[in-house]
*Asks:* 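I have a structure here, written as structure tokens, and I will follow up with some questions on it.
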Amino acid sequence: MILMATKIPKIPLRPQVPAAKPNDNGNESVVLERLPQKTKPPQMYQVVLLNDDYTPMEFVVVVIQEFFNKDRETATQIMLKIHLDGRGICGVFTKDVAATKVDQVTEASRKNGHPLQCVCEPIE
Ligand code: TYC
């Protein structure tokens with residue numbers, strides 16, 4: 001059995017509808033107060049490629065173009081940065097999208113016989 005820990009979202013309680021009160025003219029009216037917005041932006045994740053000694057540079061450039069929608073020039077710069085520094089950020093996404101990118105890149109790499117490592121990490 002697979003157990004998953006899920007975060008239960010905090011749903012703001014519905015404010016009580018204020019009772020209608022007669023105003024100075026004898027008409028009934030209600031004042032509706034706008035609730036302050038409480039939604040936070042989602043946690044974002046950066047998808048990182050790691051350097052290795054075996055994956056061809058051309059393959060990495062194509063991966064960055066195809067999966068991270070970069071033009072050839074940008075993809076080449078990112079690949080060279082990874083080659084020189086050991087790692088490089090290819091994009092920033094919500095959790096599910098980042099995890100999908102990791103899976104897609106890893107699958108394409110293994111299918112082509114390359115050991116390219118792709119990981120995602122929360123930012124901020
Ligand atoms: N270091 C590899 C080579 O010299 C190229 C490479 C770049 C591999 C980036 C992985 O994420 C990577 N062929």
Side-chain angles (χ1 to χ4, degrees):
M1 184 182 24
I2 299 168
L3 293 173
M4 286 204 311
T6 50
K7 237 189 195 170
I8 299 165
K10 279 196 191 135
I11 301 164
L13 294 172
R14 180 190 281 276
Q16 295 217 322
V17 177
K21 291 182 193 135
N23 64 14
D24 296 344
N25 307 321
N27 299 319
E28 287 196 337
S29 62
V30 289
V31 176
L32 297 177
E33 275 179 47
R34 192 178 291 280
L35 280 180
Q37 207 172 354
K38 280 196 188 133
T39 51
K40 296 181 289 179
Q43 169 74 59
M44 300 301 277
Y45 290 74
Q46 57 191 22
V47 177
V48 175
L49 282 182
L50 307 178
N51 189 36
D52 66 71
D53 292 338
Y54 306 102
T55 305
M57 290 182 173
E58 174 60 22
F59 182 79
V60 179
V61 172
V62 172
V63 159
I64 296 169
Q65 283 183 268
E66 294 297 319
F67 294 108
F68 300 99
N69 305 314
K70 305 296 187 194
D71 61 35
R72 177 118 190 131
E73 183 69 29
T74 307
T76 303
Q77 284 171 8
I78 295 171
M79 182 280 295
L80 285 173
K81 194 255 175 211
I82 303 165
H83 179 70
L84 296 172
D85 296 353
R87 53 182 272 137
I89 298 165
C90 294
V92 173
F93 308 96
T94 54
K95 190 175 196 175
D96 289 359
V97 175
T100 300
K101 299 282 178 194
V102 170
D103 290 347
Q104 290 173 333
V105 169
T106 304
E107 188 186 344
S109 301
R110 298 304 168 270
K111 264 193 185 154
N112 286 275
H114 303 310
L116 182 61
Q117 296 284 311
C118 183
V119 297
C120 65
E121 28 192 67
I123 56 173
E124 262 120 66

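First listed ligand is number 1; within each ligand, the first listed atom is number 1. Hydrogens, waters and symmetry mates are skipped; everything else that's a heavy atom, side chains included, is used.
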*Asks:* Is it the case that the side chain of T106 and the backbone of V102 share a donor-acceptor pair, with hydrogens and angles ignored and the cut-off at 3.5 Å?
*Replies:*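 The answer is yes, because a donor-acceptor pair under 3.5 Å joins these two groups.
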*Asks:* Indicate the atoms forming the closest heavy-atom contact of P122 with Y45, along with that distance.
*Replies:*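 Of all heavy-atom pairs spanning P122 and Y45, the closest is N-CD2, 3.5 Å.
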*Asks:* Taking atom CD of Q46 and atom CD1 of I123, what is their separation to the nearest 0.5 Å?
*Replies:*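 Rounded to the nearest 0.5 Å, the CD-CD1 separation comes to 6.0 Å.
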*Asks:* With rounding to the nearest 0.5 Å, note down the distance linking CD in Q117 to CD1 in I82.
*Replies:*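 The CD atom of Q117 sits 12.5 Å away from the CD1 atom of I82.
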*Asks:* Quick one: does any side-chain atom of R110 pair with a main-chain N or O of H114 as donor and acceptor, under 3.5 Å?
*Replies:*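 A pair under 3.5 Å: yes.
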*Asks:* With sequence neighbours excluded, give me every side chain to side chain donor-acceptor pair (under 3.5 Å) pair touching residues 87-101.
*Replies:*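 Sorted pair list: R87-E121.
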*Asks:* For ligand 1, what N or O to protein N or O distances fall under 3.5 Å?
*Replies:*
from     : atom 1 : to  : atom 2 : distance (Å)
ligand 1 : 1 (N)  : N51 : OD1    : 2.7
ligand 1 : 1 (N)  : D52 : O      : 2.7
ligand 1 : 1 (N)  : H83 : ND1    : 2.9
ligand 1 : 4 (O)  : H83 : ND1    : 3.4
ligand 1 : 11 (O) : L50 : O      : 2.8
ligand 1 : 13 (N) : T55 : O      : 2.9

